[in-house]
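The next block holds one structure in the form of structure tokens; read it before the comments.
Throughout, protein chains are lettered first and strands after them, A, B, ... in sequence-line order, and every chain is numbered starting at 1.
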2 protein chains.
Amino acid sequence: MDQSTLCPRFEKGMQLLSKRWTVLIIYQLLSGPKRFGTIESSIPISGRLLSERLKDLESEGIVNRHIYPEIPVRIEYSLTEKGFALEPIIRDMEQWCKQWIELEEETTVR
Amino acid sequence: MDQSTLCPRFEKGMQLLSKRWTVLIIYQLLSGPKRFGTIESSIPISGRLLSERLKDLESEGIVNRHIYPEIPVRIEYSLTEKGFALEPIIRDMEQWCKQWIELEEETTVR
DNA sequence: TCTTATTAGTTACTAATTGTAAGTAATTAT
DNA sequence: ATAATTACTTACAATTAGTAACTAATAAGA
């Protein structure tokens, strides 16, 4: 019983963007190219998933992967035009969160 | 090794918004209050998860639940101010998807 | 030579989340 | 008595995520 009146591009896009960590990874890349380890330490994601997500984002044309054959190897991830087109949306999401999301207080012992 | 420089509200908010189906549910409610069954048939989500997501959204103050004690009972879900504050963001996401997401062609038998 | 360090992952395994299908309660219609 | 309707639950299988240890290639240090 799904007479999905939904735009299939929207549905597919949301499937991608609403995977856990995806937006936060793109967010990290808004400020410029980053290496695997840098992204890994800036958000609490595991290496396994970061590797998986970066592959997805690369295959969707949102992220570029550039290899510098140094020793040890250096690999930089950066946003494509398609990726940068998300910048205003992600900045707005950040603003929405800052305005509307409340954190639960730690119950501090006094 | 996570010296998370990330705004905790942003992180928490994204954890919420990037749960599967969440944005699409809110999107359905942008056009006005909707009943459980209506949402269920407009996106390919299961009843189990829709129920779970609506509870989350209600407890986060994004969605209101209004009971009309008719027979059979009618329940309507609508957006709160916090929920409607997401409207421009979700519309922009829809636009981004329409512009950048490509669908894989069905391999048709000829 | 042997050990350690570095980067960018991968592997194996467990835990948590999702999907599927059937079931429930309350009531009216047939 | 049976079926239909709505808004869910429940039980269980399948998929995805999290954790921790491991790998390859090379260089520096003891």
Side-chain angles (χ1 to χ4, degrees), chain A residues 1-4 6 11-26 28-29 32-60 62-79, chain B residues 1-4 6 11-26 28-29 32-60 62-79:
Chain A
M1 318 241 156
D2 66 325
Q3 76 280 43
S4 192
L6 215 56
E11 202 182 320
K12 186 185 170 196
M14 290 316 302
Q15 227 62 277
L16 177 72
L17 294 179
S18 71
K19 282 205 157 185
R20 196 168 185 191
W21 307 119
T22 299
V23 170
L24 291 180
I25 292 168
I26 299 172
Q28 293 299 322
L29 296 178
K34 296 264 177 316
R35 305 174 63 169
F36 191 94
T38 308
I39 302 172
E40 196 179 13
S41 25
S42 63
I43 50 185
I45 192 180
S46 66
R48 196 184 74 64
L49 270 201
L50 179 54
S51 167
E52 198 173 302
R53 288 291 181 275
L54 287 170
K55 268 181 204 158
D56 290 351
L57 289 169
E58 197 193 351
S59 78
E60 285 295 328
I62 291 173
V63 157
N64 283 320
R65 182 174 193 269
H66 192 297
I67 306 172
Y68 297 86
E70 305 169 353
I71 302 293
V73 67
R74 178 162 62 104
I75 292 169
E76 282 195 343
Y77 293 93
S78 58
L79 293 179
Chain B
M1 316 235 159
D2 66 326
Q3 75 282 41
S4 192
L6 215 56
E11 201 181 321
K12 187 186 168 195
M14 290 316 303
Q15 227 62 278
L16 178 71
L17 294 179
S18 71
K19 281 205 157 188
R20 197 170 185 188
W21 307 119
T22 299
V23 171
L24 291 180
I25 292 169
I26 299 172
Q28 293 300 320
L29 297 178
K34 295 263 177 319
R35 303 173 65 172
F36 191 94
T38 309
I39 302 172
E40 197 178 12
S41 22
S42 64
I43 48 184
I45 191 181
S46 67
R48 196 183 75 63
L49 269 202
L50 178 54
S51 167
E52 198 173 302
R53 287 293 182 274
L54 287 169
K55 267 180 206 159
D56 290 351
L57 289 170
E58 198 193 349
S59 78
E60 284 295 329
I62 291 174
V63 157
N64 284 320
R65 183 175 191 267
H66 192 297
I67 305 173
Y68 297 87
E70 304 170 357
I71 303 291
V73 69
R74 179 162 62 102
I75 292 168
E76 282 195 345
Y77 295 93
S78 58
L79 292 179

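What separates CD1 of Ile75(B) from P of dA25(C) is a distance of 17 Å, to the nearest Å. Look at CD on Glu40(B): it is 13 Å from C1' on dG19(C), rounded to the nearest Å. Taking atom CD1 of Ile45(B) as the reference point, atom P of dT18(C) lies 9 Å away to the nearest angstrom. Between Leu49(A) atom CG and dT11(C) atom P there is a gap of 15 Å when expressed in whole angstrom units. Distance Lys19(B) NZ to dA16(C) P: 13 Å, rounded to the nearest Å. dT6(C) atom P lies 17 Å from atom CZ of Phe36(A), rounded to whole Å.
Nearest heavy-atom pair across Tyr68(A) and Val73(A) is O-CG2, 3.6 Å. Across all their heavy atoms, Leu17(A) and Ser18(B) have their closest contact at O-CB, 4.4 Å.
Arg20(A) contributes atom CZ, which lies 9.0 Å from atom CD1 of Ile45(A) (distance to the nearest 0.5 angstrom). In this structure, the separation between CG on Leu24(A) and CD1 on Ile39(A) is 11.5 Å, given to the nearest 0.5 Å. The line from CG of Leu16(A) to CG of Leu57(A) is 6.0 Å long, rounded to the nearest 0.5 Å.
Looking at residues 50-58 of chain A, you'll see Ser51(A), Lys55(A) sit with a heavy atom under 4.0 Å from some atom of DNA chain C.
Taking for each of Arg20(A) and Gly37(B) the nucleotide of DNA chain D with the nearest heavy atom, the 5'-most of the two is the partner of Gly37(B).
Within the nucleic acid shown, Tyr77(B) comes within 4.0 Å of sugar-phosphate atoms alone, with no base atom in reach, counting heavy atoms only.
Taking a heavy-atom distance under 4.0 Å as the criterion, the stretch of DNA chain D touched by chain B extends 5' to 3' from dT5(D) to dA11(D).
With contacts defined as side-chain heavy-atom distances shorter than 4.5 Å, the pair Ser51(A)/Phe36(A) qualifies. Inter-residue side-chain proximity for Val63(A) and Ile25(A) is flagged as unmet; no heavy-atom pair is nearer than 4.5 Å.
For the side chain to side chain contact (heavy atoms under 4.5 Å, CB included) test with Tyr77(A), the passing option among Lys34(A), Arg35(A), His66(A), Arg65(A) is Arg65(A); the others fail.
Applying the side-chain hydrogen bond (donor to acceptor under 3.5 Å, both in side chains) rule to Arg74(B) yields the partners Glu70(B), Glu76(B); only residues at least two apart in sequence or on another chain are considered.
Of the candidates dA8(C), dT18(C), dT27(C), the closest approach to any side-chain atom of Arg48(B) belongs to dT18(C).
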